Every structure is written in structure tokens, then in C-alpha cells.
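Note that the structure is a prediction, hence the values are computed from the model and not measured. Excluded from the calculations below are hydrogen atoms, water molecules and symmetry mates; all remaining heavy atoms, backbone and side chain alike, are included. Residue numbers start from 1 in every chain, and the chains themselves are labelled A, B, ... in the order their sequence lines are given, proteins ahead of strands.
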Amino acid sequence: MFCLQRLDGRQTYDYRNIKISFGTDYGCCIVELGKTRVLGQVSCELVSPKLNRATEGILFFNLELSQMAAPAFEPGRQSDLLVKLNRLLERCLRNSKCIDTESLCVVAGEKVWQIRVDLHLLNHDGNIIDAASIAAIVALCHFRRPDVSVQGDEVTLYTPEERDPVPLSIHHMPICVSFAFFQQGTYLLVDPNEREERVMDGLLVIAMNKHREICTIQSSGGIMLLKDQVLRCSKIAGVKVLEITELIQKALENDQKVRKEGGKFGFAESIASQRITAFKMEKAPIDTSDVEEKAEEIIAEAEPPSEVVSNPVLWTPGTAQIGEGIENSWGDLEESEKEEEDEDGTDEAIILDTIKMDTGVEVSNIGSQDAPIVLSDSEEEEMIILEPDKNPKKIRTQTISAKQEKAPSKKPVKKRKKKRAAN
Amino acid sequence: MEGALPADAKTCAESGTESGPRGPGCSLRHFACEQNLLSRPDGSASFLQGDTSVLAGVYGPAEVKVSKEIFNKATLEVILRPKIGLPGVAEKSRERLIRNTCEAVVLGTLHPRTSITVVLQVVSDAGSLLACCLNAACMALVDAGVPMRALFCGVTCALNSDGTLVLDPTAKQEKEARAVLTFALDSVERKLLMSTTKGLYSAAELQQCLAAAQAASQHVFRFYRESLQRRYSKS
């Protein structure tokens with residue numbers, strides 16, 4: 001075999017670093033294989049067994065390729081890759097009979113445990129199957145199911161407080177090891193990463209336990225392998241599986257020890273705090289003594305909901321209002337611009353003008369005093385809004401004459417104006 | 001005032017907490033956050049609040065499907081994945097709440113005709129899950145460098161049957177509570193971006209919870225700030 005340097009500096013038979021961390025719940029783990037990351041969670045449920053296997057529990061595996069892992073993974077679509085990986089996992093873990101399914105039987109033919117293994121790929125950097133198989137077996141080893149007791153027809157399910165949950169009985173730990181072949185099998189790599197996977201010609205996956213028993217073997221990619229090549233791969237797999245099994249057992253023992261001693265465990269502990277991207281904060285007390293006062297203040301300040309004014313309010317002849325109306329800054333701006341022209345009488349007209357804007361009510365025939373108030377959505381109104389320069393002037397000239405006759409009505413208008421300003 | 005003198009506001013908050021909490025529930029659990037832990041997404045963050053843990057990954061601004069393209073702004077998508085089983089109605093509803101919150105702060109108009117995808121994975125649920133999801137989403141968006149008008153945080157309050165207020169409740173506290181209220185607040189004006197509630201409560205209690213959430217948000221934003229300061233301290 002040629003000695004070749006891989007992109008990440010590994011040798012041909014090197015695995016990437018494996019890191020196993022456990023969550024606070026039983027049966028929850030995250031496995032990192034280099035940058036590939038898989039979250040595993042085991043859960044259980046009492047169900048009725050399959051008709052042809054009345055005394056066997058049910059094992060269910062579900063690997064999900066989350067969109068988080070790579071942008072190409074679409075949610076809710078069963079891609080070929082996903083089907084292939086799920087099938088391989090089932091063959092590796094269910095068909096190898098590594099879990100004693102008969103021990104999962106509670107009442108024959110009526111109630112058995114269904115063990116569900118959910119695996120989520122969080123980051124895809126190649127070799128999903130190895131990471132997933134490690135995560136699955138680690139999660140299964142870590143998992144504890146609630147204890148049950150059967151007395152006659154009565155089945156009692158104990159909470160974790162009443163009786164310690166029991167672990168699953170696991171006969172052996174099958175682990176997948178992937179080999180990538182290049183140039184029709186001339187080159188071979190262990191644990192291909194994503195870039196290597198993209199250019200490989202063929203893939204051989206061997207699932208093996210530490211007793212060197214092959215559980216599954218699968219060759220894909222359509223390359224022809226020689227007997228020697230397969231044998232050599234199985235030898236390498238034996239060594240790798242032994243290393244990984246030791247690592248898994250060490251991780252499980254560690255977690256067990258910490259839990260027994262009452263130390264801190266869970267994902268919070270597995271975050272490397274020396275990392276610059278990680279940060280922790282201890283329990284922070286919050287002062288909530290002023291919360292009640294604050295709430296009272298807000299409620300006291302809040303205005304009671306006003307009654308809805310449905311009838312138009314007549315402020316002055318020629319100006320009416322419906323509803324509350326919204327403060328119109330457009331009119332105010334107009335006023336400040338016009339302040340310089342201190343003409344006698346214009347002031348009034350502008351006020352009248354602003355109020356008209358405020359209320360948003362168009363009054364037709366502004367000049368004649370006795371004319372009835374007509375509320376309309378005429379196009380003229382739109383004109384006023386769209387062309388602020390022209391129209392106010394027009395209106396002003398119209399209203400100047402009207403204003404002198406309406407002398408008594410000036411005051412309420414002014415007052416209202418001031419109130420608005422104060423607000 | 002807070003906006004004008006952020007430093008003063010901060011010290012006020014600090015001195016306020018040192019006077020000590022009144023109730024046993026008036027504290028936030030320990031927080032932890034790790035950013036940029038995944039290699040594939042543009043931004044990622046793992047956020048832990050006590051034993052609740054959420055992992056978030058953000059892709060974007062990236063290419064968008066023609067069917068989802070919006071011509072004048074980015075398409076924001078939030079995907080929430082449960083730990084066990086397939087996503088259901090509860091996840092869809094949370095996705096919507098988180099998306100609405102994100103849409104309120106993300107400056108999508110700067111990246112028209114692109115997609116910003118936030119993928120959230122529940123790692124462990126031990127209460128205040130939605131708040132943790134919001135915090136994780138915010139930190140991942142920050143990590144991805146998505147332009148935002150303000151940061152946001154999620155705070156959950158629980159009201160017990162005797163009217164006592166619990167901040168950042170655990171799963172057990174949430175179960176026992178009469179009402180559970182979750183708020184999303186922005187970092188600039190501390191204004192409400194989203195609120196969702198469950199259970200019965202009075203108007204006065206709502207205001208109390210909101211005030212408490214605002215007080216708690218100060219701590220969350222301080223945590224954000226210190227976490228980011230640490231991250232960018234060596235550049």
C-alpha cells in the first residue's frame with residue numbers, strides 16, 4: 001500500500017477523534033467523530049407485541065438527516081441515502097440480536113416494551129454510518145427503562161423515585177467501520193470524511209463486535225473487491241472496533257461514576273470552558289421586588305378604553321370629526337412653515353386647515369356658512385394630501401372671508417389646538 | 001433613558017440584583033452557550049439553561065427556492081426538530097412564534113431574494129424550552145453574522161396557584177404552575193416582540209410577569225454581551 005497523506009493529515013488507517021458526551025436524561029448522548037456529530041436518544045413505551053412474536057420486545061431505529069447537518073438535506077424527504085443508512089443500522093443493531101428482545105416482554109402476547117432509538121445527524125462531515133452506529137449503541141447502553149412487576153394480572157409500573165430504572169440487557173456491541181476505495185480499489189482509507197466520500201469509488205462497511213464477529217457487511221458503489229481486500233479490511237475493522245469499544249466503555253463508566261457520586265453531569269459539563277467560543281454563567285438571582293409596583297403603575301397609567309364615538313362631532317361649522325382621529329404631523333409641519341407670515345387672519349385659517357387634516361374629514365363648500373356638512377371621500381381630499389403646497393393656500397383664500405363672520409367660533413378651535421400641542 | 005445611558009442602566013441592574021431576590025423562584029438557572037460548534041452551518045450555537053439544551057444552526061443568506069422567493073426581502077425559515085419522533089403541531093406552532101420573533105429583528109431587506117434558515121434541535125427539555133429556543137436562535141444568528149436591528153431573548157415566567165412568580169421554570173415547576181407565560185424581548189428598547197401564554201391569569205399578573213421578564217432580560221443580554229466579548233477578545 002502506498003503511503004499517502006490525507007487532506008486532514010491523517011494516515012490511511014487512522015480514525016478521527018471520537019468524543020462521547022451524555023445528557024442529563026438516561027439514553028441521551030452526542031457522539032462526535034471529527035466534525036461529524038450525531039445526537040442519540042432512546043425512549044421506551046409499552047405496546048402490544050407483533051402477532052407472530054408474542055414474547056419479544058420491539059426495537060425501532062430512526063435516523064434523521066436534519067437540515068442542520070448540511071443544506072442539501074431537505075426536511076421530510078426520504079432520500080436514497082437516508083433509506084440506505086437506516087437499513088444498514090437496522091441490520092447492524094437489530095438483526096445482529098445485540099439486544100435481548102425477550103427480556104423486554106412484560107406480559108406475553110399483551111404488553112412488551114418498544115425501544116425507540118432516535119438518531120439526529122447534527123453536522124455532516126462524512127462517515128455518518130460509523131458515527132450513527134456508535135451513537136445508537138452508546139445510547140442503548142446508557143438507557144434505563146422503568147421497572148415493572150407482574151403479580152397475577154396486575155402490572156405495576158414504577159416511577160424512578162420508587163424503584164431504580166433498569167438497564168437493557170445487551171449481549172454485544174456491534175460497531176460499523178467504513179472503508180473507502182479509490183481508483184478501483186487501489187487505495188483504501190478508513191473513516192472517510194466528507195470530501196473523501198465525494199470522490200470515492202466504492203464503500204465497504206463492516207459491522208463487527210469486539211469478539212471479532214462480523215454482524216453485517218455491505219459493499220456499495222459497484223466496485224469489485226478481491227478476497228484479500230475484504231479480509232484485510234475485516235482485520236483492520238477488528239482492531240478499530242476494539243479501540244472504539246474500549247472508549248465507549250470508559251465513557252459509560254465515567255458517566256456512571258459521576259452520577260453515583262452526585263457530581264455534575266450533562267451537556268453543560270461537556271462544554272469545554274477553555275474554548276473561546278464557549279461561555280457559562282452561574283445561577284443568577286433576579287430582583288423582582290419592584291415588579292408589583294411596576295405592574296400597578298402601568299395599569300394605573302393605562303387609559304380605560306374610551307367609548308366609541310359613532311356620531312360626527314361638530315367642532316365649528318364646516319369642521320366635523322368622527323372617532324378619535326389620529327394626530328397628523330403633516331398639518332403641524334405645515335403650520336410651522338407658515339409661522340413666519342404673521343398675517344392677520346391667516347393663522348386662523350391654518351388652524352382650521354390643520355383640524356380638517358386631523359379629522360380626515362373633507363368638508364365640501366367651505367366658504368358658505370349655512371351649507372350642510374357633507375362627509376365625502378371625494379377625489380379632492382386626495383388632492384389635498386398629495387399636493388400639500390397648492391391646496392392649503394387655496395383653502396385659506398376661501399376661508400379668510402368665512403372666518404370673519406365666524407368670529408365666535410374661533411375660540412374653541414384655538415383651545416383645542418393648544419391642548420393638542422400640550423399633549 | 002436606558003438607550004441613552006446603557007452603561008448606567010447596566011450598573012443599575014447589577015446593583016439591583018445584589019440586593020437579593022425575594023422569592024426562591026426569582027432566579028435564572030445557570031446559563032451556558034457555545035458558538036460555532038458545527039462546521040457545516042454558517043452559524044451555530046448551543047444554548048443551555050439549566051438542563052434544557054437547544055442546538056441551533058443557521059444557513060444564510062443563501063440561495064432560495066423560486067417558490068419561496070420574496071422579491072424585496074429575505075425568506076426566513078425556522079425549523080424546530082423534536083428529540084423523539086417526528087415534528088407535530090406543537091413544533092409547528094413554536095416554529096411560527098420563533099419565526100415571527102426573528103422576522104421582527106432580522107434586517108431581511110438587506111438580502112432580498114435569499115433564504116435564511118434557522119434549524120433548531122431540541123437536545124434536552126427540562127422546562128422553558130421555547131425561551132431556550134429563542135436564545136439559541138439569537139446566538140446562532142449572531143454567529144452567522146445575519147444583520148439584525150436588535151438582539152432578542154426569551155424569558156419564561158410561571159405563575160403558581162398562590163400567585164408567586166417563578167422565572168425560568170423547570171419542567172416540574174411548569175407542570176405545577178397555573179399559568180406559563182413566555183415573552184421575547186428586544187435588546188434595544190426592551191420591548192415585547194412576542195408573547196405566548198398558557199393558563200389563567202389577571203391583567204395585573206400579566207404586567208408583573210412582563211416586568212419580571214424585562215428584569216431577567218437584562219441578565220440574558222449581559223450574558224450575551226460577555227459571551228461575545230470573550231469570543232472577540234483575541235482579534
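Rounded to the nearest 0.5 angstrom, A:Asp25 CG and B:Lys83 NZ are separated by 4.5 Å. The line from CZ of B:Arg231 to CZ of A:Phe279 is 14.0 Å long, rounded to the nearest 0.5 Å. Separation of atoms CD (A:Glu32) and CG (B:Leu38) is listed at 9.0 Å; rounding is to 0.5 Å. Atom CD in A:Gln67 sits 12.0 Å away from atom CZ in B:Arg40 (nearest 0.5 Å). The CG atom of B:Leu165 lies 9.0 Å from the CD atom of A:Glu292; values are rounded to the nearest 0.5 Å. Note that OG1 of B:Thr52 is 12.5 Å distant from CZ of A:Phe267, once rounded to the nearest 0.5 Å.
Counted by atom type alone, B:Ser39 and A:Asn123 present one or more donor-acceptor pairs between their side chains at under 3.5 Å.
At least one side-chain heavy atom of B:Arg81 sits less than 4.5 Å from a side-chain heavy atom of A:Glu64. Two residues are said to be in side-chain contact when any heavy atoms from C-beta on lie closer than 4.5 Å; B:Glu34 and A:Arg275 meet this criterion. Residues B:Phe31 and A:Lys280 are not in side-chain contact: their nearest non-hydrogen atoms beyond the backbone lie 4.5 Å or more apart. Counting heavy atoms from C-beta on, the side chains of A:Arg37 and B:Leu37 come closer than 4.5 Å. B:Val123 places a side-chain heavy atom less than 4.5 Å from the side chain of A:Ile30.
Considering every non-hydrogen atom in both A:Ala268 and B:His30, the closest pair reads CB-CE1, 4.1 Å. The shortest heavy-atom contact between A:Pro285 and B:Ser27 is CA-CB, 3.6 Å. Across every non-hydrogen atom of A:Ala295 and B:Ala204, the tightest pair is CB-O, 3.7 Å. Of all heavy-atom pairs spanning A:Met68 and B:Gly57, the tightest one is CE-N, 3.9 Å.
The number of heavy atoms from other shown groups lying within 6.0 Å of CG (A:Asp290) is above 12. Counting heavy-atom neighbours within 6.0 Å of A:Arg94 CZ, excluding the residue itself, gives a total above 12. Atom CZ of B:Arg96 sits in a sparse spot, with 12 or fewer heavy atoms from other residues, nucleotides or ligands closer than 6.0 Å. Environment of CZ in A:Arg195: sparse, with no more than 12 heavy atoms of neighbouring residues, nucleotides or ligands closer than 6.0 Å. In B:Glu69, the CD atom is crowded: over 12 heavy atoms of neighbouring residues, nucleotides or ligands sit closer than 6.0 Å.
Contacts of A:Ile298 with chain B are made by side-chain atoms alone, with heavy-atom separations under 4.5 Å and no backbone atom involved. Contact annotation for B:Val220: neither backbone nor side-chain heavy atoms come within less than 4.5 Å of a heavy atom of chain A. Contact annotation for B:Ile84: both backbone and side-chain heavy atoms come within less than 4.5 Å of a heavy atom of chain A. A:Ser66 touches chain B through backbone and side chain together, each having a heavy atom under 4.5 Å away. With a 4.5 Å cut-off on non-hydrogen atoms, B:Ala45 does not touch chain A at all. Only the side chain of B:Tyr59 has a heavy atom closer than 4.5 Å to any heavy atom of chain A. Neither the backbone nor the side chain of B:Ser44 comes within contact range of chain A; no heavy atom of the residue lies under 4.5 Å from a heavy atom of that chain. Interface remark: A:His120 contributes side-chain atoms only to the contact with chain B (heavy atom separation under 4.5 Å). Residue B:Ile79 touches chain A through its side chain alone, counting heavy-atom pairs closer than 4.5 Å. With a 4.5 angstrom heavy-atom cutoff, A:Glu194 touches chain B only via side-chain atoms.
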- Can A:Asp287 and B:Cys26 be said to form a side-chain contact (heavy atoms from CB on, under 4.5 Å), step by step? CA-CA 7 Å; A:Asp287 183 25; B:Cys26 296; over 6 Å; no
- Task: Could you go through the side-chain contact (heavy atoms from CB on, under 4.5 Å) check for B:Gln218 and A:Ile286 one step at a time?
- Result: CA-CA 9 Å; B:Gln218 300 243 358; A:Ile286 306 282; over 6 Å; no
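The greatest number of non-hydrogen atom pairs below 4.5 Å with chain A, out of B:Ser124, B:Ala126, B:Cys209, B:Gly85, is found for B:Gly85. Options B:Leu55, B:Leu228, B:Asn36, B:Val118 differ in how many heavy-atom pairs under 4.5 Å they form with chain A, and the most are formed by B:Leu55. Across A:Glu293, A:Lys35, A:Lys294, A:Gln41, the residue that shares the most heavy-atom pairs under 4.5 angstrom with chain B is A:Gln41. Your options are A:Val291, A:Asp118, A:Ile276, and the one with the most heavy-atom pairs under 4.5 Å with chain B is A:Ile276. Ranked by non-hydrogen atom pairs under 4.5 Å with chain B, the options A:Ala70, A:Cys28, A:Ser43 are led by A:Ala70.
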